[in-house]
Number of protein chains: 2
Amino acid sequence: MALEHAILVSLLEQPGSGYELARRFERSIGYFWTATHQQIYRVLGRMEGDGWIDVRHVPQEARPDKKEYSVAAAGRAALSAWLHEPIQPDSVRHELAVKIRGAAFDDPAALIREVERHHGAHTDRLTRYLAGELRDFTGPDAPAPGDTGRELQHVVLRGGIAYERMTLAWLEDVLATLRRLAER
Amino acid sequence: MALEHAILVSLLEQPGSGYELARRFERSIGYFWTATHQQIYRVLGRMEGDGWIDVRHVPQEARPDKKEYSVAAAGRAALSAWLHEPIQPDSVRHELAVKIRGAAFDDPAALIREVERHHGAHTDRLTRYLAGELRDFTGPDAPAPGDTGRELQHVVLRGGIAYERMTLAWLEDVLATLRRLAER
DNA sequence: ATTATCATGTAACCTGTTACATGATTAG
DNA sequence: CTAATCATGTAACAGGTTACATGATAAT
């Protein structure tokens with residue numbers, strides 16, 4: 001039950017529409033939580049019903065009108081309560097790892113392409129994260145000392161970067177292993 | 001739709017009961033896929049209905065009887081088909097990261113304990129993985145060159161180890177950041 | 001013409017979690 | 001006597017995915 005809370009955090013950082021939230025989940029929030037627009041609209045409806053968020057109808061020209069959501073007092077309270085509850089460490093889901101172990105019962109060499117493809121996708125992600133870090137957290141845009149929000153955003157981004165780097169190194173290990181096995 | 005496939009891989013490595021599968025998902029398979037016994041029994045029922053697996057009733061003394069499942073031809077074919085399909089790189093879900101960014105709107109110092117707790121849990125996991133590696137993949141029990149299955153199991157375990165090490169380093173970064181913010 | 005972007009939603013389905021339920025044996 | 005291990009399941013609910021659905025503007 002954390003999509004609600006991820007949305008609350010995002011709306012506290014910056015109010016916005018369901019569409020805008022969906023875009024943020026593709027970008028910055030995407031490196032620690034994912035959600036599609038269908039999920040977001042559903043949850044926004046529930047959160048509005050529960051009084052966690054307020055809506056403001058924003059008419060626009062040359063674009064469809066939008067509903068801008070912002071966090072209400074009850075939402076802030078719900079977030080605060082959740083922050084003080086312990087959660088259990090997340091467990092991983094690596095579909096690719098299932099495939100790698102499954103390859104023992106099929107042709108390991110056939111997996112090489114797939115692993116290379118994943119390596120490419122993770123390289124792209126890492127590149128985007130690093131570009132974001134350079135843009136938002138270095139030079140004149142570095143967070144001022146005491147800018148808690150920005151500092152915390154940065155440490156989470158560093159987590160995303162560390163994850164992608166570790167994944168790339170592991171995929172290279174996997175490729176070397178698969179190639180060694182394919183040679184015989 | 002990978003629980004089916006994870007179960008197929010596990011049953012190919014070693015036939016077993018739903019209970020045994022649940023235990024494996026807590027251990028070796030747990031570092032890349034999780035499932036509870038409820039989920040496993042439900043999926044085993046469906047897989048049996050689809051003819052992917054065969055059941056053998058095994059009477060036992062001093063223990064409840066068990067149903068031993070093994071992979072049928074149709075199951076092997078289904079696994080093989082899935083192995084040849086491309087999958088999209090897994091997206092991450094780090095509930096703790098949601099909390100860290102949320103802490104900007106609450107008390108960051110209050111998160112320190114929680115992060116320390118997670119650090120402890122990941123340390124335990126890493127210790128277990130390393131013990132498993134030592135036991136199963138070094139010394140006299142090292143996989144013979146050409147033992148594809150064992151080699152692939154090892155590379156997946158190395159992925160679990162790399163993940164835990166990266167996570168621990170990141171959590172230390174998070175702790176340092178939170179402590180710095182709490183000092184002011 | 002076609003594709004991309006902005007903007008919102010419904011419906012059906014599949015997956016995952018939590019709680020409930022039973023019952024024997026073995027070790028402390 | 002209490003907890004752990006072995007063994008299997010049901011039921012209700014929450015969360016996530018896929019497909020369908022609409023409709024405007026702007027850029028190529």
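Letters A, B, ... are given to chains in the order of the sequence lines, protein chains preceding strands, and every chain is numbered from 1.
Atoms CE and CH2, from B/Met166 and A/Trp170 in turn, are 12.0 Å apart once rounded to the nearest 0.5 Å.
Under a hydrophobic clustering in which Ile, Leu, Val, Met, Phe, Trp and Tyr are joined whenever their side-chain heavy atoms come within less than 4.5 Å, directly or via other members, B/Leu157 and A/Val92 fall into different clusters. Hydrophobic clustering, with ILVMFWY side chains joined whenever heavy atoms are under 4.5 angstrom apart, keeps A/Tyr163 apart from A/Tyr129. Using a 4.5 Å cut-off between side-chain heavy atoms of Ile, Leu, Val, Met, Phe, Trp and Tyr, with links allowed through other members, A/Val55 and A/Ile7 fall into the same hydrophobic cluster.
As a whole-Å value, the separation of A/Arg27 CZ from C/dT5 C1' is 12 Å. For B/Glu26 and D/dA7, the CD to P distance is 14 Å, given to the nearest whole Å. One interatomic measurement links the two molecules: NE2 of A/His37 to C1' of C/dC6, which rounds to 12 Å at whole-angstrom precision. In this entry the distance linking CZ of B/Arg24 with P of D/dC6 reads 13 Å, nearest Å. Between B/Trp33 atom CH2 and C/dG16 atom C1' there is a gap of 11 Å when expressed in whole angstrom units. In this structure, the CD atom of B/Gln39 is 12 Å from the C1' atom of D/dG15, given to the nearest Å.
Other residues, nucleotides and ligands place no more than 12 heavy atoms under 6.0 Å from the CD atom of B/Gln88.
Salt bridge status for A/Glu114 with A/Arg117: present, with a side-chain N to carboxylate O gap under 4.0 Å. A salt bridge links A/Glu116 to A/Arg179: at least one charged side-chain nitrogen sits closer than 4.0 Å to a carboxylate oxygen.
The side chain of B/Arg46 sits closest to C/dT15 out of D/dA7, C/dG9, C/dT15. Comparing D/dG16, D/dA7, C/dT15 against the side chain of B/Arg93 picks out D/dG16 as the nearest.
Taking only side-chain nitrogens and oxygens, A/Arg23 never comes nearer than 4.0 Å to OP1 or OP2 of C/dA4. A close approach under 4.0 Å does not occur between any side-chain nitrogen or oxygen of B/Tyr19 and OP1 or OP2 of D/dT8. Proximity of A/Tyr41 to the phosphate of C/dT8: a side-chain N or O atom is located under 4.0 Å from OP1 or OP2. Taking 4.0 angstrom as the limit, B/Gln60 places a side-chain polar atom (N or O) nearer than this to OP1 or OP2 of D/dA7.
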>> side-chain hydrogen bond (donor to acceptor under 3.5 Å, both in side chains) for A/His154 and A/Glu133? Distances and angles first, verdict last.
In response: CA-CA 8 Å; A/His154 191 190; A/Glu133 187 180 38; 2.8 Å; yes

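When the local axes at the two ends of the helix from C/dA1-D/dT28 to C/dG28-D/dC1 are compared, using 5 base pairs at each end, they differ in direction by 40° after rounding to 10°.
A search for salt bridge (charged side-chain N to carboxylate O under 4.0 Å, His left out) contacts involving B/Arg76 returns nothing, not counting sequence neighbours.
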Scan nucleotides 11-13 of chain D against the protein and return all N/O pairs shorter than 3.5 Å with their distances rounded to 0.1 Å.
none

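Using a 4.0 Å heavy-atom cutoff across all strands shown, A/Ser17 reaches sugar-phosphate atoms only and no base atom.
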